[in-house]
2 protein chains.
Amino acid sequence: MPRPVTIRTVAERAGCSIATVSRVLNGTARASADVEARVRAAVAALDFRPSEIGRSLKTLRTRTLGVVIPSLTNPVFAGSVAGMEAEARGRGHTLLLTASDYDAAREQDLVATLVAQSVAGLVLTVADPDANPTLDLLDGQGIPYVLVYNEPQRPGRAAVTVDNAAASRALTGAFLAAGHRRILFIAGRFSTSDRSRLRHQGYLAAMAAAGLAAEPVLELDYLADTAAHRSALAGLLGGPERPTGIICSNDLLALSVVAAVREMGLAVPGDISVAGFDGIAIGRLVSPPLATVDQPTRRMGARAVERLFDLMGGDAARTVELLPFELRPGGTLSPVSPPVASAPRASATPQPPSPKSPSRKSAARKAPR
Amino acid sequence: MPRPVTIRTVAERAGCSIATVSRVLNGTARASADVEARVRAAVAALDFRPSEIGRSLKTLRTRTLGVVIPSLTNPVFAGSVAGMEAEARGRGHTLLLTASDYDAAREQDLVATLVAQSVAGLVLTVADPDANPTLDLLDGQGIPYVLVYNEPQRPGRAAVTVDNAAASRALTGAFLAAGHRRILFIAGRFSTSDRSRLRHQGYLAAMAAAGLAAEPVLELDYLADTAAHRSALAGLLGGPERPTGIICSNDLLALSVVAAVREMGLAVPGDISVAGFDGIAIGRLVSPPLATVDQPTRRMGARAVERLFDLMGGDAARTVELLPFELRPGGTLSPVSPPVASAPRASATPQPPSPKSPSRKSAARKAPR
DNA sequence: AAGCGCCGTGAAAACGGTTTCACAGCGCCC
DNA sequence: GGGCGCTGTGAAACCGTTTTCACGGCGCTT
């Protein structure tokens, strides 16, 4: 087997020193036209690509970005990674990808691994962006990073996300506007997702603003299968006082809940309206389409990388950047079904444009409570 | 800011040479208990993690695996990458992830980039595994790699996939057993997917074996939206001779086709049965569940990494390994509707061993038709 | 015509590990 | 008791690149 072709091989063939080869390739200094031509010819003839390892050793910085996400199986994260990859590639960098499986200890270990690889910076989605020893560590070492999908409450951490609480208020408002009063919120595990927490808070705020009592939150594991979700829902959807609407803290959960509700013999949205968050592509293909809050998933990943480069450049604020979300109602979210007997009253139900609901309605739901 | 802590810092603190520190950390040679304790104490006190770059420079091999897939947006690839990541992590390696966007030129460029990073090996899903200059290049340089989802016809290339032709024959067989005779095959672009080609061949073989004429294949871009698919289908589903079954070469395409067919006013599976390939998770959540051929996506990624390590170890055959697939009929694949008059004949149509398709449903849907 | 400065270039150091080689000390065997 | 071999350790080479420093030559200015 032939000896590997290094910068020395090229220099030898071009009849110059390795320093000159390096300079020609990087454009760090001008070489005479003659020498430059010889170097380029040698590089082409030998098909030489400089070793990133050698380069990195000198600068102690690679052209690599570390990525830590909870899971690739969730299309939301897969989509954002796709955005990161494209943006990084456009800037001559590659992605070192790791998944934490929602495990805080693993999160820490992965970051340590990535740092040992001398990544130029990191993009992370963590369980808790405010109380997080891993991020403290990065701050301490001055390693630039940008959070995605996290919405840290305390200042000093760069992040790209959407206004989750506002999005949730808007979605809850859409339910209220459609006449729903008993609205159940089903959340992914709070401990592994600040998104889930913030979206729940938005729901609580919207319900409170409408003078309605919020239902107790149901925390579910979105990775579990539909059967598990069905049994969790069984007790809640049984009686006549069952909710008419369910808001799920993400689309995967929502799709599973839709399936579970249907398996229980209820119609969606006929008996129960369901909506999710994230706006994953599949949501548009199911019928009826899943009501959701669409967020620019891919763009968020790309934007995070953009900001990471700003940070690496040195002059950039470590702030939370909120990208616009878009309410996508309809489909699985429909006006609440009227009680079978009282047709005229139900058809008279107004469509209020704002979440603030007429007091008549809150009275209506006060009775059963 | 403090000077970075290197192996020299550790050696100084432990009062020994850097060689000894290296030996203790790697276990390459035994040190006296005394020295070893001092080294470990120093490592702990300084929170030292050896730089992967320094290590790699010596051996010219990193603990990194390069991954090239068409796109992260397709859950099939995202799932297989998840499997790779877990397996690689378990073996102390990380993943350098890139996406080719189905572009052969980019494929080549990405591989060159990854090779320049001195990856220990590669896992690839390429457009054409048989005529591929990129793979020839890797073969030439002796860099180990394993293909995933590709099924190279010529020997000498390691791959992990399923028997796509057999899977397609089985799925087509399920349509035939359900009484379908006019079965349309909708394929992703042949030029970017040998899976698509092989699955089409399986369909052709099954049709020929049944003595039936195959419909002309319809090649579609699965990334296009449902509207595009609807217009492509418009002409084919119009007349009375329209197909009763559609096989799509992947699940994303199938879901989009289901949506398109429904938007055209036809029922699935009432008027037209539809099935896909891959067994993506979402397919189970839609109603009715998408008929498909399930393949162990995540396992395939993990297995590819296992085999890559075998290859890197030196003694392993470069063969195609076929993992088992599982036909998942039912849902969107139902017995063909009888001509309105002949009810008894239809009920005699054998119901292949579909796991959970309740007969209630097919009965229920017969009425409205 | 002399000196200054710039330009192109090469030699060599530096980066952070691993690994080879050498060597000292010690125990064991004959 | 002498030599052999093994063990623990350190010095130094080495990996491939970037970058600093030095230097020779040339052109321009005064």
Side-chain angles (χ1 to χ4, degrees), chain A residues 1-40 42-43 46-64 92 113 115-120 141, chain B residues 2-40 42-43 46-64 92 112-113 115-120 141:
Chain A
M1 49 188 70
R3 227 169 32 86
V5 33
T6 77
I7 199 174
R8 261 163 265 274
T9 326
V10 176
E12 204 171 321
R13 186 179 182 113
C16 66
S17 74
I18 61 170
T20 301
V21 175
S22 173
R23 281 189 276 252
V24 167
L25 289 182
N26 296 311
T28 9
R30 276 215 319 275
S32 69
D34 173 39
V35 172
E36 173 162 351
R38 292 208 313 272
V39 168
R40 297 212 178 280
V43 166
L46 296 168
D47 192 25
F48 171 70
R49 287 276 290 237
S51 156
E52 279 295 327
I53 295 183
R55 183 207 307 280
S56 304
L57 184 55
K58 182 60 186 179
T59 57
L60 291 185
R61 276 275 166 276
T62 59
R63 294 185 186 172
T64 292
T113 303
V115 169
Q117 307 260 10
S118 306
V119 292
Q141 300 192 236
Chain B
R3 226 167 36 84
V5 31
T6 77
I7 198 173
R8 265 161 259 274
T9 326
V10 175
E12 203 171 322
R13 185 178 182 113
C16 65
S17 75
I18 61 169
T20 301
V21 175
S22 174
R23 282 189 276 251
V24 167
L25 289 181
N26 296 311
T28 14
R30 276 215 322 273
S32 68
D34 173 40
V35 172
E36 173 162 351
R38 292 208 312 273
V39 168
R40 297 213 178 277
V43 165
L46 296 167
D47 192 24
F48 171 71
R49 287 277 290 238
S51 156
E52 279 296 326
I53 295 183
R55 182 207 308 281
S56 305
L57 186 53
K58 181 64 184 181
T59 57
L60 290 185
R61 276 275 167 276
T62 60
R63 293 185 187 174
T64 292
T113 303
V115 169
Q117 308 260 10
S118 306
V119 292
Q141 300 192 237

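On a predicted model such as this, the values are computed, not experimentally measured, just so you know. Note on naming: letters A, B, ... go to the chains in the order of the sequence lines (proteins, then strands), and numbering restarts at 1 for each one.
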Listed by chain and number, what are the salt bridge (Lys or Arg N to Asp or Glu O under 4.0 Å) partners of A/Arg55, not counting sequence neighbours?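 A/Arg55 satisfies salt bridge (Lys or Arg N to Asp or Glu O under 4.0 Å) with A/Glu52 only.
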
Closest non-hydrogen atom pair between [X] and [Y], with its separation:
{"X": "B/Arg61", "Y": "B/Ala120", "answer": "CD-CA, 3.9 Å"}
{"X": "A/Glu36", "Y": "A/Ala31", "answer": "OE1-O, 4.1 Å"}
{"X": "A/Phe48", "Y": "A/Val10", "answer": "CG-CG2, 3.6 Å"}

For a 4.5 angstrom cut-off between non-hydrogen side-chain atoms, does A/Ile53 reach A/Leu57?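 A side-chain contact is absent here, since even the closest heavy-atom pair is not under 4.5 Å.
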
Does some side-chain heavy atom of B/Val115 sit less than 4.5 Å from a side-chain heavy atom of A/Arg49?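 Result no, sub-4.5 Å side-chain heavy-atom pair not found.
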
How far apart are the C-alpha atoms of A/Thr64 and A/Gln117, what are their side-chain angles, what is the distance that settles it, and do they pass the side-chain contact (heavy atoms from CB on, under 4.5 Å) test? CA-CA 9 Å; A/Thr64 292; A/Gln117 307 260 10; over 6 Å; no

Has B/Thr62 got a side-chain atom pairing as donor or acceptor with B/Ser118's backbone, closer than 3.5 angstrom?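 Yes.
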
May I ask you to list the residues of residues 53-63 of chain B, by number, that have any heavy atom positioned under 4.0 Å from an atom of DNA chain D?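 Contacts with DNA chain D under 4.0 Å: B/Leu57, B/Lys58, B/Leu60.
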
Which residues in residues 14-27 of chain B have a heavy atom closer than 4.0 Å to any atom of DNA chain D?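 Per residue number, the list reads B/Cys16, B/Ser17, B/Ala19, B/Thr20, B/Arg23.
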
For atom CZ of A/Arg8 and atom P of D/dC14, their distance in whole Å: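 Whole-Å distance recorded here is 11 Å.
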
Distance check needed: D/dT19 P versus A/Ile7 CD1, whole Å only.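 Taking atom P of D/dT19 as the reference, CD1 of A/Ile7 is at 11 Å.
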
Determine whether more than 12 heavy atoms belonging to other residues, nucleotides or ligands lie under 6.0 Å from atom CD of A/Glu12.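 Result for CD/A/Glu12: open.
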
Estimate the overall bend of the helix from C/dA1-D/dT30 to C/dC30-D/dG1 from the end axes over five pairs each, rounded to 10 degrees.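 One end's axis against the other's: 50°.
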
Using a 4.0 Å heavy-atom cut-off across all strands, classify B/Arg30 as base, sugar-phosphate, or nothing.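 Sugar-phosphate contact only - B/Arg30 comes under 4.0 Å of backbone atoms but never of a base.
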
Please table the atom pairs, donor to acceptor, closer than 3.5 Å between any side-chain atom in residues 19-29 of chain A and protein atoms at least two apart or in another chain.
| from | atom 1 | to | atom 2 | distance (Å) |
| --- | --- | --- | --- | --- |
| A/Thr20 | OG1 | A/Ser17 | OG | 3.3 |
| A/Ser22 | OG | A/Asn26 | ND2 | 3.3 |
| A/Asn26 | ND2 | A/Ser22 | O | 3.0 |

On DNA chain C, reading 5' to 3', which nucleotide is the first and which the last to sit with an atom under 4.0 Å from a heavy atom of chain A, could you check?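 Contact boundaries, 5' end first: C/dG8 to C/dG16.
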
